[in-house]
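Structure record follows, encoded as structure tokens.
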Amino acid sequence: MEQYTEHEILNISARAGEVLLKATAETYRVEDTCRIVCQKQGLEFAEAFVLPTVIILTSNSKGEQTKIRKTYDRSTNITNICKVNSFVRNLEKDERSYTDKMEYLKEIRDKKPYPNWLYCLMCGFVSGGFSLLAGATFYDFQAAFICGLLSGMAAILVKNLPAKTFLKCFLVGGITGAIAITASELSEKCFFEPIIVGGMKPFFPGITILLSLRDYLAGNISAGTSRLAEGLIVGGSLAAGIAIVLEVYMLLGGLI
């Protein structure tokens, strides 16, 4: 296997950790992966510190170097986690050059998992499906499907804006509340409760809260607290969007 410099080993390790972090892997998994990559490449005294938005790698095996990688765009991607795990598992047998390995990890990181139209369509079906679990009628299912579809489009439109996480969830809440009220006003066969439940489900921070608990159980208090705060902000943004629409509806004389 080609011998790399300390700088190159840390770059490979940080890039692998970045891919995992963007795929919403647990922080302790990212830390373990970064350390294993360094050890397999010959850096025995390397340490990793990971939070949901940053990776800090330090090594004093052949001097002393520190690498920092920051990332803010995260979405669940089990495929990317599996690819990185496979890459790390076979690292000792991998004969590719440093440049090829970095390019391979970059391709995994930057590859778009689904086209926008499929993402929006699946948001619609997830919303409709969860509304049925909440006791929706077929008419509620249709309204919840439209909620998910429009919410997915809104999420794509604001993905490059500042404060996009808050703004996305706030818009999703507003869209869900508006469609639920409109559907219930237009048809006596529609009820806004199951529509609201279904409409917000694709964006509910369930995985974020679960990962925060796993980080707490793994002893990573700082990462667990960060993820829990993120989950509360996302959930609060959804609730705020729905609450404002419902409040305006009641001020205009509507009944809930």
task = Establish whether V37 and I81 are linked, either directly or via other cluster members, by ILVMFWY side-chain heavy-atom contacts under 4.5 Å.
result = yes
message = Would R15 and N11 count as a side chain to side chain contact (heavy atoms under 4.5 Å, CB included) here? Give the steps.
response = CA-CA 6 Å; R15 179 65 59 82; N11 277 342; over 6 Å; no
request  = Return the minimal non-hydrogen interatomic distance between I175 and A154, and the atom names on each side.
outcome  = CD1-CB, 3.8 Å
note = Result for side chain to side chain contact (heavy atoms under 4.5 Å, CB included) between L21 and one of T53, V54, V30 points to V30
query = Any sub-3.5 Å donor-acceptor pair from T24's side-chain atoms to S75's backbone N or O?
reply = yes
key: For E47, side-chain hydrogen bond (donor to acceptor under 3.5 Å, both in side chains) partners two or more places apart   = R35
request  = Quick one: list whatever passes side-chain contact (heavy atoms from CB on, under 4.5 Å) with A134, sequence neighbours left out.
outcome  = P194, V197
Heavy-atom pair with the smallest gap, counting every atom of C120 and G152 = SG-C, 3.7 Å
query = So if you build clusters from Ile, Leu, Val, Met, Phe, Trp, Tyr with side-chain heavy-atom gaps below 4.5 Å, do Y28 and L217 land together?
reply = no
query = Side-chain heavy atoms under 4.5 angstrom apart, residues restricted to Ile, Leu, Val, Met, Phe, Trp, Tyr: same cluster for V245 and L238?
reply = yes
Backbone N/O of I9 and side chain of S13: donor-acceptor pair under 3.5 Å = no
note = CD (E8) and OG (S97) are apart, to the nearest 0.5 Å, by 9.5 Å
query = Taking only residues two or more places apart in sequence, or in another chain, which ones meet Y104 in a side-chain contact (heavy atoms from CB on, under 4.5 Å)?
reply = K83, F87, R96, I108
query = Could you state the interatomic distance from CG (L228) to CG (L210), rounded to the nearest 0.5 Å?
reply = 12.0 Å
message = Could you measure the distance from the NZ atom of K22 to the OG1 atom of T76? Nearest 0.5 Å is fine.
response = 13.0 Å
inquiry  = Show every ring pair (Phe, Tyr, Trp, His ring centres under 6.0 Å) that has at least one partner inside residues 118-141, sequence neighbours left out.
reply    = F125-F145
Which atom of R29 lies closest to which atom of N85, heavy atoms considered = NH1-ND2, 3.6 Å
ask   = Is V234 reachable from V172 through a run of hydrophobic residues whose side-chain heavy atoms are each under 4.5 Å from the next?
value = no
note = dist E31:CD -> L51:CG (nearest 0.5 Å) comes out at 8.5 Å
query = Just by modelled atom types, is the S222 backbone N or O under 3.5 Å from a matching donor or acceptor in the S226 side chain?
reply = yes
Where A14 and L57 come nearest, the two heavy atoms and their spacing = N-CD1, 3.4 Å
inquiry  = Restricting to side-chain hydrogen bond (donor to acceptor under 3.5 Å, both in side chains), what partner residues turn up for T182, sequence neighbours left out?
reply    = none
task = Return the set of residues passing salt bridge (charged side-chain N to carboxylate O under 4.0 Å, His left out) with K106 (not counting sequence neighbours), or none when no residue passes.
result = D110
request  = May I have all residue pairs that pass salt bridge (charged side-chain N to carboxylate O under 4.0 Å, His left out) and include part of residues 222-242, sequence neighbours excluded?
outcome  = R74-E230, D215-R227
remark   = Hits for side-chain hydrogen bond (donor to acceptor under 3.5 Å, both in side chains) against T137, two or more places apart or cross-chain, chain-then-number order -> D140
request  = Decide side chain to side chain contact (heavy atoms under 4.5 Å, CB included) for Y249 and E185; before the verdict, give the C-alpha distance in whole Å, the side-chain angles of both, and the deciding distance to 0.1 Å.
outcome  = CA-CA 11 Å; Y249 174 65; E185 285 289 327; 2.2 Å; yes
query = Can you name the nearest heavy-atom pair linking A143 to A183, along with the distance?
reply = CB-CB, 3.9 Å
query = Side chains of S59 and Q65: is there a donor and an acceptor less than 3.5 Å apart?
reply = no
request  = Please name the residue in the list V50, I55, L211 that meets the side chain to side chain contact (heavy atoms under 4.5 Å, CB included) test with T27.
outcome  = V50
ask   = In chain order, what residues pass the side-chain contact (heavy atoms from CB on, under 4.5 Å) check against C147, with sequence neighbours excluded?
value = T176, I179, I195
message = Can you tell me if L118 has over 12 outside heavy atoms packed within less than 6.0 Å of its CG?
response = yes
query = Rounded to the nearest 0.5 Å, what separation is found between the SG atom of C34 and the CG atom of L10?
reply = 9.5 Å
request  = Treating Ile, Leu, Val, Met, Phe, Trp and Tyr as nodes and any side-chain heavy-atom pair under 4.5 angstrom as an edge, say whether I56 and L43 lie in one connected cluster.
outcome  = no
message = Any side-chain to backbone donor/acceptor pair from N77 onto N80? Under 3.5 Å, distance only.
response = yes
ask   = Do you know the tightest heavy-atom contact between P202 and C123?
value = CG-O, 3.7 Å
inquiry  = For residues 199-236, which residue pairs pass the ring pair (Phe, Tyr, Trp, His ring centres under 6.0 Å) check, not counting sequence neighbours?
reply    = none
Listed partners of I233 passing side-chain contact (heavy atoms from CB on, under 4.5 Å), at least two apart = S237
ask   = Do any N or O atoms from the side chain of R109 and from the backbone of V19 form a donor-acceptor pair under 3.5 angstrom?
value = no
query = Could you state the interatomic distance from CG (L232) to OG (S212), rounded to the nearest 0.5 Å?
reply = 8.0 Å
ask   = For K67, which residues count as a side-chain hydrogen bond (donor to acceptor under 3.5 Å, both in side chains) partner, sequence neighbours excluded?
value = H7
